[in-house]
Amino acid sequence: MRLIAAGKTDVGCVRKHNEDNLLLDTELGLLVVADGLGGHAAGEVASQIVVDRVAHFIAQTVEKDRTWPLEYDVNLNYDGNRLKVALLLSDQAIAEDIKTNPERETMGSTVVACLLHGSRVTMAHVGDSRAYLINPDAITQITRDHSWVAEQVAHGILTPSEARVHPFRNVITQALGNGGDLDVAIQELELRKMDRLLLCSDGLSGMVNDQDIWTIVNSASSLEDAVNQLVARAKENGGEDNVTVILAGFEDEEMQPSEGNA
Ligand code: CA
């Protein structure tokens with residue numbers, strides 16, 4: 001089963017600049033969505049640093065026999081360590097950049113990144129960039145946002161639908177850029193033949209609900225078509241933020257035509 005993927009980023013309908021970045025390297029099996037914070041000439045720098053640093057470190061660590069720059073976490077597999085360290089190095093790199101460019105002091109970035117080897121997926125995230133697993137039966141959010149509303153939902157104080165419209169829905173509890181004190185979330189899962197893996201910034205998940213994302217992915221003619229439709233739908237719904245989407249799956253399965261009235 002060969003991995004295929006499509007990705008797209010768009011400024012949206014309201015903002016003047018796109019502070020999101022994405023990376024899609026099927027050879028390394030690496031997919032990254034980074035959502036920069038801090039405004040023009042800061043957010044886009046931060047998300048670019050993340051994408052560059054992660055790509056560089058993952059490319060450097062294809063072979064296992066290398067000196068490890070940060071502590072190796074024995075509770076994680078090799079790819080989990082690669083991603084965790086890549087994100088921690090990105091965090092440090094943003095903090096270093098701020099030291100020499102104090103005008104960017106508010107910059108930071110959320111990130112969701114995954115490494116795919118065959119059907120095995122290792123996933124890392126910080127902030128509210130998300131990963132979803134989508135198949136003909138269901139859509140499942142894999143990552144739990146590092147956000148204030150997600151904490152309230154986890155404690156049963158808010159329902160997921162209340163969280164979607166809450167005035168504090170954009171308040172995140174973690175981002176890359178502080179240069180330490182990060183709790184990178186790492187997960188592993190197995191991708192089955194019919195599964196699609198979706199990575200996105202909150203410019204998609206905040207504008208298009210899960211049911212509509214599922215319908216579009218399952219009715220699209222290809223991964224590219226799905227990605228284009230998802231970005232278009234986010235913009236039809238207001239496009240209030242930059243929108244970034246990566247969709248990945250296996251080549252030997254055609255996408256299923258929809259049986260519904262999508
Ligand atoms: Ca955003």
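Each ligand, and each atom within it, is numbered from 1 in the order the structure gives.
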Asker: If you consider just the N/O/S atoms, which atom of Asp241 is the closest one to the Ca ion (ligand 1)?
Answerer: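 Nearest N/O/S atom: OD2.
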Asker: Just so I know, are the side chains of Ile134 and Ile213 near enough to count as touching, which here means a heavy-atom distance under 4.5 Å?
Answerer: yes
Asker: Give a yes or no on whether Asp20 keeps an N, O or S atom under 3.0 Å from the Ca ion (ligand 1).
Answerer: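 It does not; every qualifying atom lies at 3.0 Å or beyond.
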Asker: Less than 4.5 Å apart, any side-chain heavy atom of Met207 and any of Asp241?
Answerer: no
Asker: Measuring from the Ca ion (ligand 1), name the closest N, O or S atom belonging to Asp202.
Answerer: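 Of all N, O or S atoms belonging to Asp202, OD1 is the one nearest the Ca ion (ligand 1).
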Asker: Could you tell me whether any N, O or S atom belonging to Asp128 is less than 3.0 Å from the Ca ion (ligand 1)?
Answerer: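 So Asp128 does not count as coordinating the Ca ion (ligand 1).
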Asker: Hey, what's the ring geometry for Trp148 with Phe168, parallel, tilted or perpendicular (30° and 60° as the breaks)?
Answerer: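 Rings of Trp148 and Phe168: perpendicular, over 60°.
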Asker: Does the pair Asp79/Arg120 count as a salt bridge with the N-to-O cut at 4.0 Å?
Answerer: yes
Asker: For the Ca ion (ligand 1), what is the closest N, O or S atom on Asp35?
Answerer: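 The Ca ion (ligand 1) is closest to the Asp35 atom OD2, counting only N, O or S.
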Asker: Who are the salt bridge (charged side-chain N to carboxylate O under 4.0 Å, His left out) partners of Arg164, not counting sequence neighbours?
Answerer: none
Asker: Is the distance from the Ca ion (ligand 1) to the nearest N/O/S atom of Glu19 under 3.0 Å?
Answerer: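 No, Glu19 does not qualify, because none of its backbone or side-chain N, O or S atoms lies under 3.0 Å.
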